[in-house]
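Below is one structure, written out as structure tokens; the observations come after it.
Atoms within a ligand are numbered from 1 in the order they appear, just like the ligands themselves. Hydrogens, waters and symmetry mates play no part in the numbers below; they use all other heavy atoms, side chains included.
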Amino acid sequence: MKKEILFYSTNKSCPPVPFSVALLQGQAPDYGLYMPEKIKKISGEEILSFKNKSYQQIAFEVIKNFIPDVIPDDKLFSMIKEAYNFTIPIEHITENFYIIRLDRGPTASFKDFAARLMARFMEYFTSMNDKHLIVLVATSGDTGSAIANAFLHMKNIDVVILFPKDEVTEKQRKQMTTLDYNIHPIAIKGKFDDCQAIIKKAFNDQNFKNLNLTSANSINIGRLIPQSVYYFYAYSRIDSKKINFSVPSGNFGNLMGGVLAKKTGLPVNKFIVAVNKNDEFPGFLKTGRYSPVVPSKKCSSNAMNVGHPSNLARLMDLYGGWFLDVRDEYGNVIKKGVFKKYPDIKKMRKDFISFSINDTEVDNVIKKYYEQYNIIIEPHGAVAVASAEKSNIKEQPIICLETADPAKFSEKIEEILHIKPEFPKSMEKLDTKKEKFEIIPNRYEKFKEFIKSIFT
Ligand SMILES: *Cc1c(COP(=O)(O)O)cnc(C)c1O
């Protein structure tokens, strides 16, 4: 008997599908996001046994719990071993304060965790039926490079990356534009939200039906599930019954990984939802009313410049709500972030606290951690650390997620600390490589012409 768990759309107007379909589709046909119909518990005993297991072993058990009987055990384990071939340091700062570094993958951001496993999932399912796939991804900086790197040279898969021309750092851009082969980067003269809007439109464009488009954004359930694992790992390495996590958040995919972990049984007291000046979520928790930040605000933590996080649809859904964008008959969004059913906000306030951190606070905390603890953090991690400090939680440990290597933001670090962070090996050669990318205006028709010119 197959025990496969199906995945439903948060918009509830299309039938549930198996994992492989949800993965290869990305977004559901009704514009919803896929969620598992059933979230199996992992027992307390098993969670305790993680103390003696490697990251790869923990990943295997956690992922198998979400998608039992989908991929043969030996195959799944070898994918995991290949994907997670880097270190995951946990730094102890003060008595109850930790930083987990999720920045040691090949593109030096936490996006590698999701991208590297998702690429292997997709290759597995496409090679089974010899399908060609085009992965479309919008990035505010780090997703693009992680996806590009994870999918480089994969057979049967091309990757198209859209990034906001003036909102990524030079290093981030070069990580996407120096690869070539099956990787096609496009700079859009607009903001991250514009890139995301173009991609969402492409998925529902009848003209592209024969191209097998799929999404690698955090709307893809294949990215979310791997992001659950490091929460279990962190818990297993720290001696405490309950813990708190401070999560630097943009599209809330990282946070959703943690929330899924809690749903399966991880004893999390609170998630500290750390955002920059794009403060729609702390505003919602406080007032109960949701208003997206339009246009999104530009902050030094540029991968978090998101004014209307797509994963909120999932988060609200898990708390009994029904949250969506209202669309016209052509699929164009006419109103962002509307409740068809209101979530259990009392419960949300129990599980989450949320802070908005400005760029000056970011600079100050980077300085403080260098001077007091001799530790270099970068703007995204700094948003998490500053939020954790504001939370005033003292009862249990807080683990802050550091999501990028400071060297990715070397200009910023030099400006504040007057030192040059060391480059990870993977980034050393970037400046000598040749860049190749297209620049197009912020217009859907222009994007469409470009796609047609490469793939038809
Ligand atoms: C993407 C990203 C984030 C935000 O993660 P979400 O899953 O979008 O909330 C935070 N920090 C860094 C460095 C990132 O690349």
Side-chain angles (χ1 to χ4, degrees), residues 33 99-115 118 137-150 161 163-164 167-169 171-173 175-176 192-193 195-196 215-228 230-231 245-261 271-276 278-282 296 299-315 352 354 357 362 366 377-387 400-409 412-413 424 427:
L33 275 63
I99 292 176
I100 182 168
R101 293 220 180 245
L102 304 173
D103 58 359
R104 300 298 156 98
T107 68
S109 93
F110 92 103
K111 302 277 191 326
D112 286 325
F113 282 87
M118 187 176 72
V137 54
T139 183
S140 53
D142 292 328
T143 303
S145 53
I147 295 289
N149 191 286
I161 310 168
F163 62 92
E167 286 187 18
V168 301
T169 67
K171 299 270 169 349
Q172 287 175 322
R173 191 188 67 234
Q175 283 184 309
M176 302 183 266
F192 169 67
D193 293 357
C195 299
Q196 213 171 18
S215 140
N217 276 89
S218 51
I219 57 176
N220 196 308
I221 187 72
R223 258 183 69 182
L224 228 51
I225 290 173
Q227 289 176 179
S228 238
Y230 42 77
Y231 290 91
F245 288 100
S246 185
V247 188
S249 296
N251 250 318
F252 285 48
N254 197 356
L255 180 75
M256 273 306 298
V259 175
L260 286 178
F271 290 102
I272 302 164
V273 184
V275 300
N276 58 27
N278 294 283
D279 59 356
E280 61 291 326
F281 189 72
S296 57
C299 301
S300 59
S301 49
N302 68 0
M304 289 156 49
N305 294 344
V306 184
H308 179 45
S310 41
N311 275 296
L312 279 183
R314 286 192 169 110
L315 191 67
F352 306 106
S354 186
I357 305 295
V362 163
I366 291 175
I377 53 175
E378 56 67 63
H380 303 81
V383 170
V385 168
S387 299
C400 298
L401 278 53
E402 174 53 289
T403 46
D405 190 304
K408 277 192 119 162
F409 300 88
K412 186 84 202 156
I413 301 297
M427 285 175 60

At what distance is the nearest protein heavy atom to atom 12 (C) of ligand 1, and which residue and atom is it?
Thr403 OG1, 3.3 Å
Return the closest protein heavy atom for atom 2 (C) of ligand 1 as residue, atom name and distance.
Lys111 NZ, 2.4 Å
For [X], counting its heavy atoms only, list the atoms of ligand 1 lying under 4.0 Å from any of them.
| X | result |
| --- | --- |
| Pro248 | 4 (C), 10 (C) |
| Ser249 | 9 (O) |
| Ala404 | 13 (C) |
| Gly250 | 4 (C), 6 (P), 8 (O), 9 (O) |

Report yes if some N/O of [X] lies less than 3.5 Å from some N/O of ligand 1; otherwise report no.
| X | answer |
| --- | --- |
| Asn254 | yes |
| Asn251 | yes |
| Gly253 | yes |
| Met304 | no |
| Phe252 | yes |

Taking the six-membered ring for Trp, are Phe352 and Phe281 parallel (under 30°), tilted (30 to 60°) or perpendicular (over 60°)?
perpendicular
For Arg314 and Asn311, run side-chain hydrogen bond (donor to acceptor under 3.5 Å, both in side chains): C-alpha distance rounded to whole Å, both residues' side-chain angles, the deciding distance at 0.1 Å, then the answer.
CA-CA 5 Å; Arg314 286 192 169 110; Asn311 275 296; 2.8 Å; yes
Validation row: Val275, Phe252 side chains within 4.5 angstrom (heavy atoms)
yes
Can you find a pair of side-chain heavy atoms, one from Ser109 and one from Thr403, that are under 4.5 Å apart?
no
Would you give the length of the straight line joining atom [atom1] of [X] to atom [atom2] of [Y], rounded to the nearest 0.5 angstrom?
| X | Y | atom1 | atom2 | result |
| --- | --- | --- | --- | --- |
| Gln227 | Leu255 | CD | CG | 10.5 Å |
| Ser310 | Leu315 | OG | CG | 12.0 Å |
| Asn254 | Phe245 | CG | CZ | 10.5 Å |

Does Lys408 come within less than 4.0 Å of Asp103, counting only side-chain N to carboxylate O?
no
Options Leu102, Asp142, Val383, Leu255, ranked by nearest heavy atom to atom 13 (C) of ligand 1, top entry
Asp142
